[in-house]
Amino acid sequence: IESARASNEALEDLRKQIATWRQTFLTAQEAGAERLATLRSQLKALGPAPAEGEPAESEEIAARRAELTNQIARLQDPIVKAEEAYSRANGVIGEIDRIIRERQTSKLFELGPTPLNPLFWPRGLEELATSFNGLMAGIREGWTNPTQQATLRDRLPAILGLLIVGLILIVRGKTWMKRLGHELRRRYKIEGFLWQFLISTGQVVLPMIGIYALAEAAVFSNIGGPRAAVLLDNLPLWAGVIIIGQWLAGRIFNEDENDAIYQMGAEANRRARLLIVGLTTVLVARGVTSVVAARDFYPAEARVVIGLPLVILGSLFLFRLGQTLTAHWSAKDQELTSNRLLPFVGRALMLIALLAPVLAAVGYESAANALIYPAIRSLGPIGLVIVLQHLFTETFVLVTREETSRDSLGTVLFGYLLFIGALPLLALIWGARLADLSEIWTRFQEGFTLGDARISPTDFLSFVLVF
């Protein structure tokens with residue numbers, strides 16, 4: 001720690017070990033607290049010891065006082081040692097966190113090569129071509145290798161089964177769920193956002209299962225080499241980003257204004273859906289290039305050349321989305337509570353979209369990526385909170401059968417709980433470490449010291465519940 005030469009991974013591992021010991025020391029402090037309080041009460045019951053010049057107390061009471069004092073001293077000794085060790089562990093953890101934060105800050109503001117230098121452009125294209133040629137060579141080798149061919153023949157029934165299931169679910173899954181929804185709606189006369197939510201969820205789940213089946217079939221065939229294996233491992237995640245992004249956009253900016261959470265008009269809603277699809281595509285392209293660049297050890301010059309077009313494209317989509325949200329606010333429906341967030345989100349997106357390309361062009365690659373991609377990822381949790389809040393509101397109205405329930409205290413509190421629950425995820429997206437969140441949770445669980453007692457959140461919640 002003093003030399004700060006260890007890697008971040010080594011420091012994180014060390015931090016986990018010390019955090020475990022810190023919890024042990026905290027438990028040791030509390031282990032004898034109840035017994036210690038009992039002994040002190042017994043000692044207090046004997047009354048104060050006689051002062052100098054006062055008559056001596058009886059031998060029995062003096063012996064009892066000495067015995068209790070010795071017991072208290074013996075019980076306090078491990079508690080004091082645990083408190084000292086706990087403080088030391090806290091100090092070491094604080095130093096580790098400081099070192100890692102300083103490294104993160106230094107990397108964020110590190111000035112690298114500018115992608116505007118034409119000398120770097122051929123290098124980026126060469127690296128991409130090398131990776132693509134390596135991927136194709138691995139696939140060709142897998143098809144021509146006799147051992148791989150024998151393995152493929154042995155696994156052919158399972159592979160074909162996964163391929164058929166995957167393709168059917170991808171091609172027909174949405175259609176099946178749509179037909180099921182129309183049939184159930186016709187038969188049971190069910191309408192509303194809740195019903196649309198259930199049907200659309202099925203339209204997401206079935207294609208996701210299909211994509212996972214295709215990825216498993218490709219992995220099971222063991223054809224393509226290490227490059228293909230890395231890409232296939234991430235394929236379900238990338239497909240999920242696009243599918244879930246489309247689903248959230250469809251719920252929030254639905255083509256049917258009666259089912260849309262934000263009613264900006266048919267044209268504005270359509271534009272917002274397309275922009276969100278574009279943003280998820282940029283996010284997936286960023287994931288693919290990052291995985292390939294890490295796998296093939298791209299130099300910094302190639303990385304910045306490949307990354308700049310994605311930053312510019314993502315910024316363009318983000319700026320247009322911000323414009324759409326802000327324009328809707330200034331146009332109409334300003335009295336709707338659900339629309340009051342739009343101008344703030346829109347302006348923030350537009351500001352980030354203007355800053356990120358400038359930073360990337362100058363050479364601050366890390367700073368640009370730390371702005372544009374977390375901003376795009378943040379739209380997912382925010383959109384999910386909006387959808388879940390609206391779902392709860394519609395369910396609450398359905399149960400109570402009162403339209404006034406939309407603005408009730410219960411729906412407002414549920415919205416706040418959703419927002420608080422999304423904060424840790426948003427913090428991780430914007431660069432916080434899991435250790436930072438676990439430290440906050442640890443501090444919360446420890447509570448605070450009041451005199452000789454430690455008040456924990458559990459004690460406080462118990463008090464509130466009893467009250």
Asks: Check the pair L163, L214 against side-chain contact (heavy atoms from CB on, under 4.5 Å), reporting the backbone distance first and the verdict last.
Replies: CA-CA 5 Å; L163 285 174; L214 291 183; 3.6 Å; yes
Asks: Once you round to the nearest 0.5 Å, how far does CG of L232 lie from CD of E216?
Replies: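 So the CG of L232 and the CD of E216 are separated by 9.5 Å.
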Asks: Suppose we screen for salt bridge (Lys or Arg N to Asp or Glu O under 4.0 Å). Which residues come up paired with D77, at least two apart in sequence or across chains?
Replies: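 So D77 forms a salt bridge (Lys or Arg N to Asp or Glu O under 4.0 Å) with K81.
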Asks: Residues in salt bridge (Lys or Arg N to Asp or Glu O under 4.0 Å) with K107, at least two apart?
Replies: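 Applying salt bridge (Lys or Arg N to Asp or Glu O under 4.0 Å) to K107 gives none.
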Asks: Got F253 and I276 here, is their nearest side-chain heavy-atom distance under 4.5 Å?
Replies: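 In contact.
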Asks: State, yes or no, whether a side-chain contact exists between L388 and L384 at a heavy-atom distance under 4.5 Å.
Replies: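 A side-chain contact under 4.5 Å exists here.
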Asks: At their closest point, which heavy atom of L310 faces which heavy atom of A285, and how far apart are they?
Replies: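 In this case the closest contact between L310 and A285 is CD2-CB, 3.8 Å.
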Asks: Is the closest side-chain heavy-atom distance between M208 and Y212 below 4.5 Å?
Replies: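 With C-beta onward as the side chain, the pair stays apart.
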Asks: Got a second to check how far Q42's CD is from I72's CD1, nearest 0.5 Å?
Replies: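 It is 8.5 Å, given to the nearest 0.5 Å.
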Asks: Mind checking what makes side-chain contact (heavy atoms from CB on, under 4.5 Å) contact with I306, not counting sequence neighbours?
Replies: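 Partners of I306 by the side-chain contact (heavy atoms from CB on, under 4.5 Å) criterion, ordered by chain and then number, come out as L128, T289, Y298.
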Asks: Does atom CG of L423 have more than 12 heavy-atom neighbours from other groups under 6.0 Å away?
Replies: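 Atom CG in L423 is crowded, with more than 12 foreign heavy atoms closer than 6.0 Å.
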Asks: For E439, enumerate each residue passing the salt bridge (Lys or Arg N to Asp or Glu O under 4.0 Å) test, keeping only those at least two apart in sequence or located in another chain.
Replies: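 Once residues adjacent in sequence are excluded, the partners of E439 under the salt bridge (Lys or Arg N to Asp or Glu O under 4.0 Å) criterion are R15, R22, R443.
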Asks: Is R98 salt-bridged to E102, cutoff N-O under 4.0 Å?
Replies: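 Salt bridge present between R98 and E102.
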Asks: Checking Q389 side chain against T411 main chain: does a donor-acceptor pair fall under 3.5 Å?
Replies: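 Yes: the side chain of Q389 pairs with the backbone of T411.
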Asks: Can you list everything that forms a ring pair (Phe, Tyr, Trp, His ring centres under 6.0 Å) with W441? Sequence neighbours excluded, please.
Replies: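 Ring pair (Phe, Tyr, Trp, His ring centres under 6.0 Å) check on W441 returns F444.
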Asks: Does some side-chain heavy atom of L308 sit less than 4.5 Å from a side-chain heavy atom of V304?
Replies: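 Sidechains of L308 and V304: no contact.
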Asks: At their closest point, which heavy atom of A370 faces which heavy atom of L108, and how far apart are they?
Replies: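 It is CB-CD1, 3.5 Å.
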Asks: May I ask you to test the R35-T38 pair for a side-chain heavy-atom distance under 4.5 Å?
Replies: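 R35 vs T38: side chains touch.
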Asks: Looking at side-chain heavy atoms only, is the closest gap between V311 and N369 below 4.5 Å?
Replies: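 Yes, their side chains come closer than 4.5 Å.
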Asks: W247 and V387: side-chain contact (heavy atoms from CB on, under 4.5 Å), yes or no, with the steps?
Replies: CA-CA 10 Å; W247 177 76; V387 170; 4.2 Å; yes
Asks: For the atom pair CG (L318) and CG (L279), what is the distance rounded to the nearest 0.5 Å?
Replies: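 Going from CG on L318 over to CG on L279, the span is 5.5 Å.
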Asks: Are F319 and L349 packed together at the side-chain level, in the sense that at least one heavy-atom pair is separated by less than 4.5 angstrom?
Replies: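 With C-beta onward as the side chain, the pair stays apart.
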Asks: Does A361 offer a backbone N or O that forms a donor-acceptor pair with the side chain of T114 under 3.5 Å?
Replies: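 Flag set: sc T114 to bb A361 pair under 3.5 Å.
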Asks: Which heavy atom in I211 sits nearest to a heavy atom in A239, and how many Å separate them?
Replies: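 In this case the closest contact between I211 and A239 is CD1-CB, 3.3 Å.
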Asks: Hey, mind stepping through V362 and L111 against side-chain contact (heavy atoms from CB on, under 4.5 Å) and telling me if it holds?
Replies: CA-CA 8 Å; V362 171; L111 180 61; 4.2 Å; yes
Asks: Please give me the minimum heavy-atom distance between P207 and I170, naming the atom from each residue.
Replies: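 So the minimum-distance heavy-atom pair works out to O-CG1, 3.9 Å.
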Asks: Do you know the tightest heavy-atom contact between L231 and W238?
Replies: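 Smallest interatomic distance, heavy atoms only, reads O-CZ3, 3.7 Å.
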Asks: What closest approach, in Å, do L235 and A215 show between heavy atoms, and which atom pair accounts for it?
Replies: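 Shortest heavy-atom separation between L235 and A215 comes out as CD2-CB, 4.1 Å.
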Asks: Could you state the interatomic distance from OG (S315) to CD1 (I376), rounded to the nearest 0.5 Å?
Replies: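 Rounded to the nearest 0.5 Å, the OG-CD1 separation comes to 7.5 Å.
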Asks: For S106 and R103, indicate whether the former's side chain and the latter's backbone hold a donor-acceptor pair under 3.5 Å.
Replies: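 No, the answer is negative, given that no donor and acceptor are paired below the 3.5 Å cut-off.
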Asks: Distance from L169 atom CG to I209 atom CD1, nearest 0.5 Å?
Replies: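 Answer for the CG-CD1 pair, L169 versus I209, is 6.5 Å.
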Asks: Who passes salt bridge (Lys or Arg N to Asp or Glu O under 4.0 Å) against R74, sequence neighbours left out?
Replies: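 R74 satisfies salt bridge (Lys or Arg N to Asp or Glu O under 4.0 Å) with no residue once adjacent residues are dropped.
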Asks: Is any NZ, NE, NH1 or NH2 atom of the basic residue among E84 and R88 found under 4.0 Å from an Asp or Glu carboxylate oxygen of the other?
Replies: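 So E84 does not pair with R88 through a salt bridge.
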Asks: Quick check: do E127 and V292 have side-chain heavy atoms less than 4.5 Å from each other?
Replies: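 Not touching, per the 4.5 Å side-chain cut-off.
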Asks: Got a second to check how far T280's OG1 is from I243's CD1, nearest 0.5 Å?
Replies: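 Nearest 0.5 Å value for the OG1-CD1 distance: 10.0 Å.
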